[in-house]
Amino acid sequence: MKPHSLHPWNVTPTEAREIQERFRNHVLQKNVARLRHIRHVAGVDVSIKNNRVIAAIVVLDFSSLEIIASSIHRQPVRFPYVPGLLTFRECPALLPAYEKIRVEPDLVLVDGQGIAHPRRFGLAAHLGVLLGKPTIGCAKSRLIGVYEEPHEEAGCYTDLFDGEELIGAVLRTRTNVKPLFISVGHKIELPTALDLVLNCCRGYRLPEPTRLAHQSAGGLLPSPRARYET
DNA sequence: GCGACAG
DNA sequence: ATCTTGTCGC
């Protein structure tokens with residue numbers, strides 16, 4: 001369950017972009033077999049506090065959307081926030097948090113873009129490739145791409161394009177609330193990603209996995225090690 | 001040069 | 001992301 005570390009994290013912005021260009025073709029936009037029997041869905045998110053990165057991962061039972069495991073990992077910030085290079089700021093803390101999880105997730109929802117990224121390698125895509133697992137990018141705002149505003153009813157969506165290329169969708173996860181920017185992370189197709197995200201929504205804008213991971217990273221959920229960790 | 005820009 | 005309380009609307 002230990003993710004492959006195929007490249008260094010202690011890099012310059014220029015090197016970071018080179019790494020993204022080198023790995024962008026590793027993304028698989030195809031549904032894999034395990035998506036047909038999803039039992040565990042994970043949500044990952046990160047918060048920054050006192051110059052420290054707080055990475056949180058929450059694993060939910062796919063059918064009940066109840067928490068069955070979670071973990072947190074904190075470490076110093078080692079990379080600045082640069083649009084397009086978010087992975088190099090958050091991933092170094094997410095990987096250790098992932099290693100602590102005892103339950104193997106079948107799918108991972110990430111708070112950030114998948115391939116809806118300048119080099120088609122946003123955080124969700126990068127994490128998916130490193131973990132070799134299906135991931136979906138669920139961003140709260142746009143990084144790149146043009147789109148038409150989707151209708152106000154929950155479930156409605158429009159395509160997100162970068163020129164002629166379809167890179168994602170703008171999905172209304174809740175009626176009359178700002179839409180989410182969904183894109184393929186890894187080992188999944190966009191239509192499937194949209195369907196699964198909607199199935200993870202419980203009346204809030206953010207799907208449960210990501211929503212709970214966000215609360216966990218912000219220190220709003222009961223301490224993982226006190227309740228769910230072994 | 002100017003504006004845009006995941007979290 | 002973070003700094004921060006109450007408040008308007010479905």
(message) Looking at His186(A) and Leu127(A), would you say the former's side chain and the latter's main chain have a donor-acceptor pair under 3.5 Å?
(response) no
(request) Salt-bridge test for Arg174(A) and Glu153(A): reply yes if a basic N is under 4.0 Å from a carboxylate O, no otherwise. (result) no
(message) Membership question, hydrophobic clusters at under 4.5 Å side-chain separation (ILVMFWY): are Leu143(A) and Ile136(A) in the same one?
(response) no
(message) Taking any heavy-atom pair under 4.0 Å as a contact, classify His126(A): base, sugar-phosphate, or nothing.
(response) nothing
(request) Determine, for Phe62(A) and Arg39(A), whether the Lys NZ or Arg CZ falls below 6.0 Å from the six-membered ring centre while staying within 45 degrees of the axis. (result) no
(request) Say whether, by atom type as modelled, one donor and one acceptor occur between the side chain of Lys187(A) and the main chain of Gly128(A) under 3.5 angstrom. (result) no
(message) Looking only at the side chains, is there a donor atom on one of Thr210(A) and Asp111(A) sitting less than 3.5 Å from an acceptor on the other?
(response) no
(request) Would you check if there is a donor-acceptor pair between the side chains of Thr192(A) and Asp195(A) at a distance under 3.5 Å? (result) no
(message) When you compare the side chain of Phe79(A) with that of Pro92(A), does any pair of heavy atoms fall below 4.5 Å?
(response) no
Below 3.5 Å is the cut-off: list the nitrogen or oxygen pairs between protein and nucleotides 3-7 of chain B, distance only.
from, atom 1, to, atom 2, distance (Å)
dC5(B), OP1, Arg142(A), NH2, 2.9
dA6(B), OP2, Tyr81(A), OH, 2.5
dA6(B), N7, Gly84(A), N, 3.0
dA6(B), N6, Gly84(A), O, 2.9
dA6(B), N6, Leu85(A), N, 3.3
dA6(B), N6, Leu86(A), N, 3.1
dA6(B), N6, His117(A), NE2, 3.4
dA6(B), N1, Leu123(A), N, 3.1
dA6(B), N3, Gln113(A), N, 3.0
dG7(B), OP1, Lys140(A), N, 2.6
dG7(B), OP1, Lys140(A), NZ, 3.4
dG7(B), OP2, Ser141(A), OG, 2.8

(request) Anything under 30° is parallel, anything over 60° is perpendicular, the rest tilted; go ahead and classify His7(A) against Phe88(A). (result) tilted
(message) Could you spell out the base pairing of DNA chain C as a dot-bracket line? Use Watson-Crick and G-U wobble contacts where both distances are under 3.5 Å, [ ] for crossing pairs, | for partners on a different strand.
(response) ..........
(request) Heavy atoms under 4.0 Å is the rule here; annotate nucleotides 3-10 of chain C 5' to 3' with B where the base is hit, S where only the sugar-phosphate is, and - elsewhere. (result) S-------
(request) State plainly whether the residues Asp162(A) and Arg120(A) are in salt-bridge range, i.e. N to O under 4.0 Å. (result) yes
